[in-house]
Q: 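Below is a structure I'd like to ask you about.
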Amino acid sequence: MKVDEKKGLKVAIPTFGCQMNEYDTQVAAGLLAHQGYTLVEDESEADIVLMNTCSVREHAEDRVFSRLGMLGKAKRGNPDLIVGLMGCMVEEHREKLFKRFPQLDLMIGTRNIKELPALIEEVASSRQQVARIKQDGISIEYTDLIQRDSKFHAWLPIMTGCNKVCTFCIVPITRGAEVSMPAREVYREASRLVGEGVKWITLLGQNVNSYYGAYYGGVTDSATLRQPGSHSNASSEFPELLDMLCQIEGLERISFTTSHPSDATEELFQVIAKNPKISRRFHLPLQSGSDKILKRMKRLHRYEDYKQKINRLRELVSDISITTDIIVGFSGEAEEDYEATRRAIEEIRYDGAYIFKYSVRAGTPAAKLPDDVPQEMKEKRHQDLLALQKEISMGKNRSWLGRTVQVFVEGQSARNADDLLGRTLQEKKVVFKGPCDLIGTTQSVTLHDVKNETFLGRLS
Ligand code: 5AD
Ligand code: SF4
């Protein structure tokens, strides 16, 4: 196919999972648009549907399987439809999926996104099932072709993979061992983004705190691979990287996610405290408040150590908003373990928490443990914690009312085009009236009400 012939072809990339997937989708969209394809939101009008998948819980996978079923039906009416998968499910299931889903035309691994245009051409001309799934290398692609959905905010992956051994987690299988982008590459890409008008960057990685980009060594041109098992004790270069990125003129805000408690150090907290550009939202997954369960999860932290870290961070950065991830119903979770998690949530008083029901993932160490908390119990604990957290979040949010805060104006509100939507330094949403030319700037806004986690404010 020549570029002109592709111009008519429409591609939809429905995206599941984390921000890393959102980033990869933006890269894939950029590469395809450059080749002449048209990106569309609506799958039903697409000639090519490429699902960017997540494996973290069974539910995420089930949604993709059922969409594959629907696409199979659509294909009977439209045999030219090309159906593809990218993301973590490709890494997890690999070519096995071709047998189960004959409607699937292509699979592309997280380290192969660059080859996507060539792969689509191969499918279109051969009408065979084709896969490109590399085992090594880094699944981060920096490209100026990227299609961001915001002019002012950008995701920036700095590392992928994970060397931790959390027994419930599939990420070490899907994304492999930790690999970091060299610091100078990160710096160059961040500077390039700022040159394009980006003012807010969110650094991404499965565990950004163990970033190891040879900043001081400065010797690597290729990505730096940390050997599995070399976790926790080796000191991270993440605080230095953050500090360095804060020096970029024109860059107003830097966020990062996700952190692991055992790598969240005093040094990191100090860097956050001294740099007002760094987001005042810190996401630190606790998973469970019971030391017995944390041990079964091989989380490498105990509740008391975790709490002390939070206390220290709050001492250094008084306006920090803390959010977390919690799993209920993990193997062996007795009533008293569950109560410990409940107490932890009450004690720490998070600004927000993502609460999940444990879902066994084949191939993870915990898949060998009994999944012994009945489904109804998981459901009950889940609902109970959601309600508790809602109450706490509401109280926390109300304590902001009446205050005037700095808000980064992201765009128009999706609900009402007359309203602007912005984020406080704690990354809380604020809707307020104002002219569109404020988009991309930081404004002082007084918060006067809060509804469903979104503040209503007034320019001051
Ligand atoms: N079951 C339920 N939740 C999980 N998570 C990761 N693996 C599982 C699993 N097997 C949750 C953790 C993690 C978040 C991204 O997803 O809380 O921090
Ligand atoms: Fe899902 Fe984890 Fe893969 Fe992100 S890295 S897509 S959360 S499995």
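Both ligands and their constituent atoms are indexed starting at 1 by order of listing.
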Q: Is NZ or CZ of R57 both nearer than 6.0 Å to the six-membered ring centre of F356 and within 45° of the ring axis?
A: yes
Q: Please determine whether any non-hydrogen atom of K357 lies less than 4.0 Å from an atom of ligand 1.
A: yes
Q: Which of the atoms in ligand 1, numbered in the order shown and given with their element, are less than 4.0 Å from a heavy-atom of F356?
A: 3 (N), 11 (C), 14 (C), 16 (O), 17 (O)
Q: Which residues satisfy the side chain to side chain donor-acceptor pair (under 3.5 Å) test with R281, sequence neighbours excluded?
A: T323
Q: Pick one: which of W200, W155, F238 meets ring pair (Phe, Tyr, Trp, His ring centres under 6.0 Å) with F256?
A: F238
Q: Going by the order shown, which atoms of ligand 1 are within less than 4.0 Å of some heavy atom of V56?
A: 6 (C), 7 (N), 8 (C), 9 (C), 10 (N)
Q: Out of all atoms in ligand 1, which are within 4.0 Å of some heavy atom of I327? Include the element for each.
A: 3 (N), 4 (C), 5 (N), 12 (C), 17 (O)
Q: Counting from 1, what ligand 1 atoms have a heavy atom of Y358 closer than 4.0 Å?
A: 1 (N), 2 (C), 10 (N)
Q: Quiz question: by atom type and distance under 3.5 Å, do the side chains of T257 and Q19 form a donor-acceptor pair?
A: no
Q: Does F168 reach ligand 1 with a nitrogen or oxygen that is under 3.5 Å from one of the ligand's nitrogen or oxygen atoms?
A: yes
Q: Which salt bridge (Lys or Arg N to Asp or Glu O under 4.0 Å) pairs, counting each pair once, include a residue from residues 21-32, with sequence neighbours left out?
A: D24-R175
Q: If you draw the axis of the six-membered ring of F65, does the NZ or CZ of R100 fall within 45° of it and under 6.0 Å from the ring centre?
A: yes
Q: Should D325 be counted as touching ligand 1, given the test is an N or O pair under 3.5 Å?
A: yes
Q: Evaluate Q287 for polar contact with ligand 1, using N/O atom pairs at a separation under 3.5 Å.
A: yes
